Visitor: 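Pasting a structure below so you can have a look.
In this text the structure is predicted, and so the values were computed from the model without any measurement.
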Amino acid sequence: MGEPAALMPFDQELCGLVLDTAPRMFAVVQVCGNGGEDSDGWVVAWGFVDSDGPTHVLGVDGRLLLALASPERAVRHFGRQPGITARLIWLAQPGAAVLDRADAA
């Protein structure tokens, strides 16, 4: 894969706009156990939240879509089973934006 082509000024402006307005993304994980060596964990949903809007959560199987007041509400939703806890794992803020899907991989 070669280097991405140089962006035109307007394209650079658009990529900057995307970075400035990108929602924060997170995974909702369920954990069985207390977090020690014998514990197990798995991703049950992915979510995103804007700084001034609702939180959207999509189950990994695609059958569940939630609109919640906050990411912490997803923890409550997925942590209701006995012996199972839920927690959020936040993805780091994006540092780059590209126009082509192939360049994003």
Visitor: Following the transitive rule for hydrophobic clusters with a side-chain heavy-atom cut-off under 4.5 Å over Ile, Leu, Val, Met, Phe, Trp and Tyr, establish whether Ile84 and Val44 coincide in one cluster.
Guide: yes
Visitor: Going only through I, L, V, M, F, W and Y residues with side-chain contacts under 4.5 Å, is there a path from Val43 to Met25?
Guide: yes
Visitor: Assess whether side-chain contact (heavy atoms from CB on, under 4.5 Å) is satisfied between Trp46 and Val60, documenting all intermediate values.
Guide: CA-CA 7 Å; Trp46 288 96; Val60 293; 4.0 Å; yes
Visitor: To the nearest 0.5 angstrom, please state how far the CG atom of Asp38 sits from the SG atom of Cys32.
Guide: 10.0 Å
Visitor: Are Trp42 and Trp90 in one and the same hydrophobic cluster, where Ile, Leu, Val, Met, Phe, Trp and Tyr link if side-chain heavy atoms are under 4.5 Å apart?
Guide: yes
Visitor: Check this for me: Glu13, atom CD, are more than 12 non-hydrogen atoms of other residues, nucleotides or ligands nearer than 6.0 Å?
Guide: no
Visitor: Is the closest side-chain heavy-atom distance between Leu68 and Val57 below 4.5 Å?
Guide: yes
Visitor: Please report the shortest heavy-atom distance between Val31 and Ser39, naming the atom on each side.
Guide: CG1-CB, 4.5 Å
Visitor: How long is the straight-line distance from OG1 of Thr55 back to CD of Glu72, given to the nearest 0.5 Å?
Guide: 7.5 Å
Visitor: Under a 4.5 Å cut-off applied to non-hydrogen side-chain atoms, are Val75 and Leu88 in contact?
Guide: yes
Visitor: Taking atom CG of Asp61 as the centre, does the number of heavy atoms from other residues, nucleotides or ligands within less than 6.0 Å exceed 12?
Guide: yes
Visitor: So does Arg24 have more than 12 non-hydrogen atoms from other groups sitting under 6.0 Å from CZ?
Guide: yes
Visitor: Any idea which heavy atoms bring Asp50 and Thr21 closest together, and the distance?
Guide: OD1-O, 4.3 Å
Visitor: With heavy-atom distances below 4.5 Å as the criterion, would you say the side chains of Arg87 and Gln30 are in contact?
Guide: no
Visitor: Compare all side-chain heavy atoms of Phe26 with those of Ile89 and state whether any distance is below 4.5 angstrom.
Guide: no
Visitor: Contact between Leu64 and Phe78 at the side-chain level, heavy atoms closer than 4.5 Å - yes or no?
Guide: yes
Visitor: Find out whether Pro54 and His56 are in side-chain contact, i.e. whether some heavy atom of one side chain is under 4.5 Å from a heavy atom of the other.
Guide: yes
Visitor: Are the side chain of Arg80 and the backbone of His77 linked by a donor-acceptor contact shorter than 3.5 Å?
Guide: yes
Visitor: With a 4.5 Å limit on heavy-atom distance, are the side chains of Val49 and Pro71 in contact?
Guide: yes
